[in-house]
Peer 1: 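The structure that follows is given in the form of structure tokens.
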Amino acid sequence: MLDEAAEEPVFLHSLWRTGSTYLFGKFRETQRYYCLYEPLHEFMGRLNESHMREFSGRKIAAKLSHSTMSGGYFDEYRPFQRRGIPGVPGYRESMTVADFFAGEKASFQQYIAGLVAGCRDQGLRPLLQFCRSTGRLEFFRNRISGTNVYLQRNPRDQWQSYLAGDQPYFMPLTLAYTTLCQLYAERISTVLEHRLPGARSIFGLFHRRSFRRTLQAARRFECKLSDADRYRVFYADWLRARREAQRHCDLVVDINRISHDANARKEIEDAFSIRLDDCRIKEYQEHRLSARCMDEIEREVSTLVG
């Protein structure tokens, strides 16, 4: 059994498209960590062997632009599976969106604690990687023992990556999360052409309907927004997440910096006994908006939300 006092879990937090899957893979390669990918993914409620096989090939990794991914995304959940019952024990669908800022709920704490215990049962140090946890960073700091690491990326490149692909996902869910934080939603709405809906309106349906229908509603609203408004909403979320990470995480890692700075890269390698010599996050030469427009939006949103 693992010495819990000596091998506390690592919680890796980020927004989407930051290189967190790359970093997840680097922890996994060491074979010293038991790594769980995206415990708040909407698949957790119905995860079964079929899903794990579907998300284990090169084709899906290429589609998601995860060129370095080795092995299936959800392979490590097999010990958590119950015979004939799909899903991960303790997961509730509301955890993915509706309760994004409700980390203090006992059910959420029990879910995370159960995952950590399950990793320890494998005799390895737990590593849980999240892209849906930035509304709960204070909870992780105060309620669960572990090392909290936040991974961030240049916001312009990250937003450009959000817009790639033929099935919009990242921006619609960012809109949904933003509506759940009333203060940010009200402030950012003052500079948007289309005011964000209230938390209990279009996205409040999530409390009564499936994740799929919530995502559909968010996509319909996102279609009304200009690129400038999309970047305003994204940048507000980027600032919020960074501020929470600076307050509540043990370490904030800038993937652009470790892609270029050998000393910064070595600091992370030494801290967690991983190798990052091939870390090269994509940096775009052009963005959907001009640099001047993005400058103006960043100043505007910084003044609004701090």
Peer 1: For the pair Lys26 and Asp278, find out whether any cationic side-chain nitrogen is under 4.0 Å from an anionic carboxylate oxygen.
Peer 2: yes
Peer 1: With side chains defined as the heavy atoms from C-beta onward, is the minimum distance between Val253 and Ile258 less than 4.5 Å?
Peer 2: yes
Peer 1: Just say parallel, tilted or perpendicular for the rings of Trp16 and Tyr162, cut-offs at 30° and 60°.
Peer 2: perpendicular
Peer 1: Between Arg230 and Glu222, is there a salt bridge with N-O shorter than 4.0 Å?
Peer 2: yes
Peer 1: Please work out which of the three classes, parallel, tilted or perpendicular, describes the rings of Tyr34 and Phe80, given edges at 30° and 60°.
Peer 2: tilted
Peer 1: Quick one: do Lys282 and Asp157 make a salt bridge, cutoff under 4.0 Å?
Peer 2: no
Peer 1: Counting distance only, does the side-chain N/O of Arg280 pair as donor-acceptor with the main-chain N or O of His260 below 3.5 Å?
Peer 2: no
Peer 1: Is Arg275 salt-bridged to Glu29, going by a charged N under 4.0 Å from an acidic O?
Peer 2: no
Peer 1: Taking the side chain from Arg240 and the backbone from Tyr235, do they hold a donor-acceptor pair closer than 3.5 Å?
Peer 2: no
Peer 1: Can you confirm whether Phe170 sits close enough to Trp159 that some side-chain heavy atom of one is under 4.5 Å from a side-chain heavy atom of the other?
Peer 2: no
Peer 1: Has Asn256 got a side-chain atom pairing as donor or acceptor with Arg153's backbone, closer than 3.5 angstrom?
Peer 2: no
Peer 1: Can a side-chain donor-acceptor contact be found between Asp237 and Thr174 if the only test is distance below 3.5 angstrom?
Peer 2: no
Peer 1: Taking the six-membered ring of Phe108 as reference, does the NZ or CZ atom of Arg136 fall below 6.0 Å from its centre and within a 45° cone about the axis?
Peer 2: yes
Peer 1: Output yes when a side-chain donor or acceptor of Thr178 lies under 3.5 Å from a complementary backbone atom of Ala185, and no otherwise.
Peer 2: no
Peer 1: Can you confirm whether Tyr77 sits close enough to Met44 that some side-chain heavy atom of one is under 4.5 Å from a side-chain heavy atom of the other?
Peer 2: yes
Peer 1: If the threshold is 4.0 Å, N to carboxylate O, is there a salt bridge linking Glu193 and Lys224?
Peer 2: no
Peer 1: Sub-3.5 Å donor-acceptor pair from the side chain of Asp254 to the main-chain atoms of Arg257, do we have one?
Peer 2: yes
Peer 1: Give a yes or no on whether the backbone of Ser14 and the side-chain of Thr18 come within a donor-acceptor separation of less than 3.5 Å.
Peer 2: no
Peer 1: Could you tell me whether a side-chain N or O of His51 sits under 3.5 Å from a main-chain N or O of Arg46, the two making a donor and an acceptor?
Peer 2: yes
Peer 1: Taking the six-membered ring for Trp, are Phe130 and Phe140 ring centroids under 6.0 Å apart?
Peer 2: yes
Peer 1: Applying salt bridge (Lys or Arg N to Asp or Glu O under 4.0 Å), can you list everything that pairs with Glu298, at least two apart in sequence or on another chain?
Peer 2: Arg156
Peer 1: For Glu186, give me all partners under salt bridge (Lys or Arg N to Asp or Glu O under 4.0 Å), at least two apart in sequence or on another chain.
Peer 2: none
Peer 1: Is Glu244 salt-bridged to Arg247, cutoff N-O under 4.0 Å?
Peer 2: yes
Peer 1: Side-chain heavy atoms under 4.5 angstrom apart, residues restricted to Ile, Leu, Val, Met, Phe, Trp, Tyr: same cluster for Tyr169 and Leu175?
Peer 2: yes
Peer 1: Does Tyr231 reach the main-chain N or O of Ile297 with its side chain, forming a donor-acceptor pair under 3.5 Å?
Peer 2: no
Peer 1: Between His41 and Phe43 (side chain of the first, backbone of the second, donor and acceptor by atom type, cut-off under 3.5 Å), is there such a pair?
Peer 2: yes
Peer 1: Donor-acceptor pair, Arg219 side chain versus Pro168 backbone, under 3.5 Å?
Peer 2: yes
